[in-house]
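All heavy atoms count here, side chains included; hydrogens, waters and symmetry mates do not. These numbers come from a predicted model, not from an experiment. Numbers restart at 1 for each chain; the letters A, B, ... are given by sequence-line order, proteins then strands.
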Protein chains: 2
Amino acid sequence: MNTLATPKGFRDFLPKDARARQFVAGRVRATFEKYGFEPLETPTIEYASVLLGKYGEEADKLVFRFTDRGDRDVALRYDQTVPTARVLAQYQNDLPRYFRRYQIQNVFRAEKPQRGRYREFTQCDIDIFGSTCPVSDAEILACTYDAFKAVGFPTVTIKYNDRKILFETLAPYAGEQLTVLSIIQTIDKLDKIGDDGVVAELTAKGLPAEKAADAIGEIRRATPTEALMKIVAAARSLGLPETALQFDPSLARGLDYYTELIFEVVVPEYPVGSMGGGGRYDNLIKQLGDVDMPAVGIAFGFDRMVEAATALGLIPSTGSGAKVLVTLFDPTAQDAAASAAGALRAAGIRTELFPAFDKLEKQLKYADRTAIPYVLIIGEEERKNGVVQLKNMTTRESVTLTVQEAVTRLRTDSD
Amino acid sequence: MNTLATPKGFRDFLPKDARARQFVAGRVRATFEKYGFEPLETPTIEYASVLLGKYGEEADKLVFRFTDRGDRDVALRYDQTVPTARVLAQYQNDLPRYFRRYQIQNVFRAEKPQRGRYREFTQCDIDIFGSTCPVSDAEILACTYDAFKAVGFPTVTIKYNDRKILFETLAPYAGEQLTVLSIIQTIDKLDKIGDDGVVAELTAKGLPAEKAADAIGEIRRATPTEALMKIVAAARSLGLPETALQFDPSLARGLDYYTELIFEVVVPEYPVGSMGGGGRYDNLIKQLGDVDMPAVGIAFGFDRMVEAATALGLIPSTGSGAKVLVTLFDPTAQDAAASAAGALRAAGIRTELFPAFDKLEKQLKYADRTAIPYVLIIGEEERKNGVVQLKNMTTRESVTLTVQEAVTRLRTDSD
């Protein structure tokens, strides 16, 4: 029965999950803004011609494409880079020479639904367009680190490499049958399938086993390029701790379009692979939007970050739920209850006024059920004495106070 | 040429507009949370069967509907009420008995593009489900008022009425040919076409002119119902100022499903009609999702609010753009510049590090162009003396300070 179902591969976020998402998005966004990144929004729908032919043949099949009522061939946002390339081309004269934008929007991919893979998910990108200066690469690294720390992750490691190391080291091993990119794609699997696996795969691709082993050894012995050293120096000046950066000459990253710096973020306390990655891509925007525009940036694995932050207990339990429930027993109690709720809210305290006339017991049960940590009880006796009872739902203890004292108590209580 | 175009009826929001939208959304969301509303997110795509047949025949034509690659008949979110009805039915056992949710998401309508009407726009709803208590109606009114005030609107007026007044007063004028709802639809136009226009339209509908005039007069003389008086009393106890509420017995609201309270928000300083409206609708959720669930809520005209807030100058000019640009002249200046940027950001100051080695003149021009109010200049001379120059881009005055003094100065400067 369709009527009551969420479409396959799509998700509803009930309050608890929606709050976790908002918490992560809020912390990440605040960090982006501290680094001077500006927000950009593009529409959910693009002309299909804008998107197709940009992601590769396999990916094109995953684009949600349809004909609208005006017979236009349109498609749903598949990533944020291609629409941004369109914006860069279309508004060239309205944008500053150096453009640093962030974008947090949903994208759509018609993938086979499976654990951890959805047809609608959130992308969260920052990029600096127009600059080839190493400080821009460093800004991206430092901002990435700060954004993860702002969410509360205890340890954040950024593995980095220079695509040029891979190209230059591996070029001698390539030949007519085996491209450098193909070798890189296999080297990229070192973490997953180990040395033996990589040697086996390269052998299958036509490289003699001995040479394959040599290639791995040579990559491992590679040292940072001068370009990387400049970026790292700038990142350290920006305040990125030395221990957070980890040179990894075998890091390859999947996407072909990176030209120099590549990096990915790992949270050792939640080792499910990369939590985001990026690099410098100086040619892509020209290919996509016909504007010469060097670029460096990162895409955060937003859904995975939320999952990790939830698993590690980083989401404040009362994130945006009410902090206090004001009771309501009968119509005669309404004025005192509503006035107290008004006073609490005026002081910035998240307050819910119970939305029915009911028994105390029921209202306390409701507070427990919805995890509201305090209940402000205003019964006949309290009204007569001009006081309220503030009940802590964890300790189950109550104190008798004036409304103003309750406001002060709740405001200073850690939030 | 499609490649560089935004689809017709859709919009790109470049940073200035995106910032304005975020400012309004942020203020509104914070108010919702202060009232204990919880976030809810539903997917952009629903099964077409969930949406169609719910909005009326005309509206059904405006639904973006298509067949996905799995041959499923799907559609894009058209509003937030129907998906919420699905959630209420689907997760009955996971949701609290009284459920107050807010939802800020984009909806899609295949309308003819025209000024102020778009095919993708933002809806912003709050609703309390499960309660028939007048305090819930009052909570919605008070939260609505506070949300508009939080955005900064100087005056906010809420016109309100009870649908029952219209039904009871106008029933005697209805007959076999003319339903009460049809009379209400014409009465709804009093503001736009005046008494004469309404009389003419009712006459055309078959009501004698004299009776039509009587109906208008009778509606105007109507007094608030007891239900309204209870709601208003509770709203006042919650802190809603008396002057903000304006009883208007001729207010009708377009949608048929309201059962009692109806209201709309007007900002007299930006008189473009209603900025949002809502009411109580106790039967709709049962019709949509087969769950008995009284409801009261409001839909904010988000895009119109952003437009009004921008026109009235309520959007802070440095909302989330950088507050200070740190200069960068050459590689030897990099460490000092990056360290200063790191110190500013550590203090929470939105900082952009110039992303290239360039002349001061160019960097000042860039700051002007991007409306960054301060520039922190660190030249060779400054580095030698361990100081910086902080230039105010409005007054064009510079002061020589240590980095720490600059941090203090920028932090205390009104933001």
Closest-packed option against chain B by number of heavy-atom pairs under 4.5 Å, given [options]:
{"options": "A:Ala48, A:Pro134, A:Gly130, A:Ser339", "result": "A:Ser339"}
{"options": "A:Leu51, A:Val63, A:Asp68", "result": "A:Val63"}
{"options": "A:Tyr35, A:Phe64, A:Phe108", "result": "A:Tyr35"}
{"options": "A:Asp146, A:Leu353, A:Thr370", "result": "A:Leu353"}

Using the benzene-type ring in the case of Trp, are the ring centres of A:Phe10 and A:Tyr118 under 6.0 Å apart? no
In chain order, what residues pass the side chain to side chain donor-acceptor pair (under 3.5 Å) check against A:Asp17, with sequence neighbours excluded? none
Minimum heavy-atom separation for A:Ala147 and A:Thr31, please, with both atom names. N-CG2, 3.5 Å
Applying ring pair (Phe, Tyr, Trp, His ring centres under 6.0 Å) to A:Phe99 and not counting sequence neighbours gives none
For B:Phe66, which residues count as a ring pair (Phe, Tyr, Trp, His ring centres under 6.0 Å) partner, sequence neighbours excluded? A:Phe66
Contact list (residues 234-241 of chain A to chain B, heavy-atom gap under 4.5 Å, by number) returns A:Ala234, A:Ser237, A:Leu238
Is B:Glu139 close to chain A through its backbone or its side chain, or both, or neither, when contacts mean heavy atoms under 4.5 Å? side chain
Could you look at B:Val87 and say if it's the side chain, the backbone, both or neither that has a heavy atom under 4.5 Å from chain A? side chain
Determine, for A:Asp127 against A:Arg101, whether the closest basic-nitrogen to carboxylate-oxygen distance falls under 4.0 angstrom. yes
Is any side-chain N of the basic residue among A:Glu41 and B:Arg21 closer than 4.0 Å to the acidic one's carboxylate O? yes
The reported gap from CZ in B:Phe129 to CZ in B:Arg97 (rounded to nearest 0.5 angstrom) is 16.0 Å
Without hydrogens or angle criteria, can the side chains of B:Gln105 and B:Thr122 be said to hold a donor-acceptor pair below 3.5 Å? no
